[in-house]
Peer 1: 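Dumping the structure here so I can ask a few things about it.
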There are 2 protein chains.
Amino acid sequence: MQGIKPSMRSPLGREIPDQVDPVLEELVRGIIAQVADKWTMLILEVLEEHGTLRFTQIGKLTEGISQKMLTQTLRQMERDGFVSRIVHPVIPPKVEYSLTELGHSLSAAFCGVWEWAAARHADIEAARRAFEARNRAD
Amino acid sequence: MQGIKPSMRSPLGREIPDQVDPVLEELVRGIIAQVADKWTMLILEVLEEHGTLRFTQIGKLTEGISQKMLTQTLRQMERDGFVSRIVHPVIPPKVEYSLTELGHSLSAAFCGVWEWAAARHADIEAARRAFEARNRAD
DNA sequence: ATTTATACATACCAAAAGGAGAGTGACTGT
DNA sequence: ACAGTCACTCTCCTTTTGGTATGTATAAAT
């Protein structure tokens, strides 16, 4: 069972006390936080499932998203290199979005967390019920 | 390369169109979102590194957290069964926190995302610089 | 009698996030 | 002439989030 931040081991097998470099750590944490954002996850999912899509199509497939958040999230994902944005200079405008290789790899990485959540959600729900019961008791 | 939500396959190898059950999906998404929260990640990390800790110790080890968020986050983690909270009925009060097995497993699951972020952060930074450059150009 | 220590709860307030809705530009079809 | 289409942008407003500051309980120590 490993920690959240993978402990590094030297070739000799001695454990190096997670001295990863605070700057990188901060960056990585920021990336994770952003990636785990509700809309980012949802859009990642629809693009993974449907391949290349246009702006309004993503909006329809992403239940409940506002236009503002759609634009904002897609921009952010483009900025970070997760999606590619191809503008066709026609009228009315046509813009196509799809996942880059980096986007696919991100999706794959999150797969593990999904599996964990799917496997353990029953335990979490049970814990919540137990917690509720304990607190009703006093 | 798999999707964010692991596609299920029947024994015949046919792909079942991720019809997982929207209720479970919503729950799982909620769990992920919460787990990826800044303070939750940090506290998970210090508890994984240091084992059992008291309230104020966690506060000191978790750089920049306010008392309010510490209480709030710990309660949430307790509620979900990630940490156990043992109250010693002494004065002044003594409360000890530690990760449960579920907490450790969560930490382990997130390890994959950390590895991905560490491996690919350079690509993300490069994408950001490229994006900046593109937008300065117009 | 007053201070100290610990683990909180509570109230108040500023900042940030995010939704709703209207506006824009340019061409195409009626 | 005018409505329709698409991919936005912009403004206004509400909700949420999170920090600060203060209060509380209890016994031991000074």
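Residue numbering restarts at 1 for every chain, and letters A, B, ... go by the order of the sequence lines. Predicted, not measured: the structure shown is a model, and the values here were computed from it.
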Peer 1: How far does the helix from C/dA1-D/dT30 to C/dT30-D/dA1 bend, going by the axes of its first and last five pairs, to the nearest 10°?
Peer 2: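 The helix from C/dA1-D/dT30 to C/dT30-D/dA1 shows an end-to-end axis angle of 30°.
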
Peer 1: Starting at atom CG of A/Leu53, determine the distance to atom P of D/dC6, rounded to an integer number of angstrom.
Peer 2: 14 Å

Peer 1: Distance check needed: C/dC8 C1' versus B/His88 NE2, whole Å only.
Peer 2: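 After rounding, the reported distance stands at 16 Å.
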
Peer 1: Rounding to an integer number of Å, can you tell me how far A/Lys94 NZ sits from D/dA7 P?
Peer 2: 9 Å

Peer 1: What pairs of residues pass the side chain to side chain donor-acceptor pair (under 3.5 Å) test when at least one of them lies in residues 79-98 of chain A, not counting sequence neighbours?
Peer 2: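 Counting only pairs at least two positions apart or across chains, the side chain to side chain donor-acceptor pair (under 3.5 Å) contacts touching residues 79-98 of chain A are A/Asp80-B/Arg128, A/Ser84-A/Ser98, A/Arg85-A/Tyr97, A/His88-A/Glu96.
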
Peer 1: Which nucleotides of nucleotides 15-30 of chain C have their base under 4.0 Å from a protein heavy atom (B), which only their sugar-phosphate (S), and which neither (-), written as one string 5' to 3'?
Peer 2: ---BB--B--BBB---

Peer 1: Please determine, by modelled atom types, if A/Thr62 and A/Trp39 share a side-chain donor-acceptor pair under 3.5 angstrom.
Peer 2: no

Peer 1: May I ask you to verify if any side-chain N or O of B/Arg54 is less than 4.0 angstrom from the OP1 or OP2 atom of C/dA7?
Peer 2: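 The answer is yes; a side-chain N or O of B/Arg54 sits under 4.0 Å from OP1 or OP2.
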
Peer 1: Reckon A/Thr71 has a side-chain N or O less than 4.0 Å from the OP1 or OP2 of D/dA7?
Peer 2: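 No, A/Thr71 has no side-chain N/O under 4.0 Å of OP1/OP2 on D/dA7.
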
Peer 1: Between C/dT6 atom C1' and B/Ile58 atom CD1, what is the distance in whole Å?
Peer 2: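 About 14 Å, once rounded to whole Å.
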
Peer 1: What is the distance, rounded to the nearest whole Å, between atom CG of B/Asn135 and atom P of D/dC8?
Peer 2: 13 Å

Peer 1: Using whole Å, what does the distance between atom P of nucleotide D/dA7 and atom CZ of A/Arg75 come to?
Peer 2: 12 Å

Peer 1: Taking side-chain contact (heavy atoms from CB on, under 4.5 Å) as the test, write out the residues that go with B/His50, two or more places apart.
Peer 2: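 Once residues adjacent in sequence are excluded, the partners of B/His50 under the side-chain contact (heavy atoms from CB on, under 4.5 Å) criterion are B/Val46, B/Leu53, B/Leu61.
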
Peer 1: Just jot down the side-chain contact (heavy atoms from CB on, under 4.5 Å) partners of B/Ala127, sequence neighbours excluded, or say none.
Peer 2: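 Residues passing side-chain contact (heavy atoms from CB on, under 4.5 Å) with B/Ala127: none at all.
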
Peer 1: Taking only residues two or more places apart in sequence, or in another chain, which ones meet B/Ala118 in a side-chain contact (heavy atoms from CB on, under 4.5 Å)?
Peer 2: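 Applying side-chain contact (heavy atoms from CB on, under 4.5 Å) to B/Ala118 gives none.
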
